Amino acid sequence: MKAQAMTAFGAPLTPMDLDAKKPGPGEALVRVTRAGLCHSDLHIHDGYFDFGEVKQPVVVDMPAVLGHEIEGEVAELGEGVSAPVIGTRVAVYPWLGCNQCDTCKTGDQQLCIALPRRALGVAQWGGMAEYVHVPFADALIPIGDLAPGLGALAMCSGLTAYSALKKIAATPPDQPVLLIGMGGVGLQAMALSKNVLPNKIIAADIEPAKREAALGYGAVEAIEPTPAAWKAVAAKHGSTGAAIDFVGAPATFGFGTAALRRGGKYVIVGLFGGATTLPLASLPLRPISIIGSYVGRLDEARALIRLLRQGAVPAPPMQERPLDQANSAINDLRAGKVLGRVLLTP
Ligand SMILES: [Zn+2]
Ligand SMILES: [Zn+2]
């Protein structure tokens with residue numbers, strides 16, 4: 001199969017002809033129609049995540065095939081698998097675990113640490129190829145006649161947004177919720193929010209165009225992330241019991257945690273990186289909770305696809321490019337020159 005493979009961290013992807021793995025018992029093979037390009041692909045391509053003082057290295061075998069936002073058609077099923085039938089349009093849930101440990105059994109396979117790692121497009125070959133081998137056929141989620149690309153995006157940015165919103169779903173409905181950072185994932189959360197939360201949403205971003213976009217998706221206010229701007233909206237709408245940080249930078253963390261009311265929840269999703277200090281006594285005294293949210297569960301991915309199939313959520317901006325232009329797409333994404341999401345088509 002044709003693939004754009006990573007042969008070394010930081011080096012341009014290389015066009016390669018790789019052997020697609022045959023699906024064994026319980027497995028499947030999917031013909032990829034679209035693979036979304038995500039900021040995480042850039043971090044994996046760099047070879048590390050920024051943990052502030054330290055760089056957390058990425059461990060993968062080369063050649064690696066990136067691309068974890070995968071949409072396609074079922075091409076082959078392994079022994080014992082009868083559904084979804086061959087030809088079915090599917091999104092592929094990529095955050096696979098071992099399917100055997102306690103974490104996986106409770107449905108949190110995205111948190112599995114068993115070796116070898118199985119996440120598609122991260123530890124195993126992903127969607128930047130003609131075919132993707134799927135180790136567990138239950139990762140295939142039929143998408144019906146969903147608009148092209150939506151199923152792919154739902155598997156990472158959409159799922160990340162959805163799962164983060166679910167983590168604050170118990171916020172009392174009369175309190176506004178603060179969403180910080182209206183990039184791709186933040187805007188998808190904005191678009192999904194009224195299907196998940198009854199609360200008013202206040203958006204914060206440093207860029208006027210992104211604040212404008214948030215208002216278009218139904219934010220009651222869109223502010224600059226400054227204490228003064230927050231004070232003004234909190235006087236009008238009340239203080240917030242929950243915030244989601246889609247940036248994950250020291251500046252957004254400082255702004256957002258200060259905005260919380262006592263007992264509030266702070267969910268960090270963004271992987272911008274860096275480090276921060278925190279007066280420890282503020283945790284028991286205020287007392288706030290700081291929670292990380294990493295992608296989402298398979299059942300959440302299925303619920304999100306159901307929601308999208310009902311047409312409840314506006315589609316984010318998407319652009320398609322041929323897979324052999326993966327390198328220029330990566331460069332454009334790095335340079336901040338991409339509006340919306342790039343989908344590579346093999
Ligand atoms: Zn991603
Ligand atoms: Zn596991």
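A quick note: this is a predicted structure, and the numbers were derived from the prediction, not measured. Numbers here are sequence positions counted from 1. Counting starts at 1 for both ligands and their atoms, following the listed order.
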Separation between SG (Cys112) and CD (Gln109), nearest 0.5 Å, reads 8.0 Å
Query - Check: Glu130 side chain, Lys2 main-chain N or O, donor-acceptor pair, under 3.5 Å - result: yes
SG (Cys38) to the Zn ion (ligand 1) to NE2 (His68), nearest 10°, is 110°
So CD1 of Ile168 and NZ of Lys265: to nearest 0.5 Å the spacing works out to 8.5 Å
For SG in Cys112 and SG in Cys101, the angle at the Zn ion (ligand 2) (nearest 10°) is 110°
Cys98 SG to Cys104 SG via the Zn ion (ligand 2), rounded to 10°, gives 110°
Ring centre gap for Phe9 and Tyr48 strictly below 6.0 Å
no
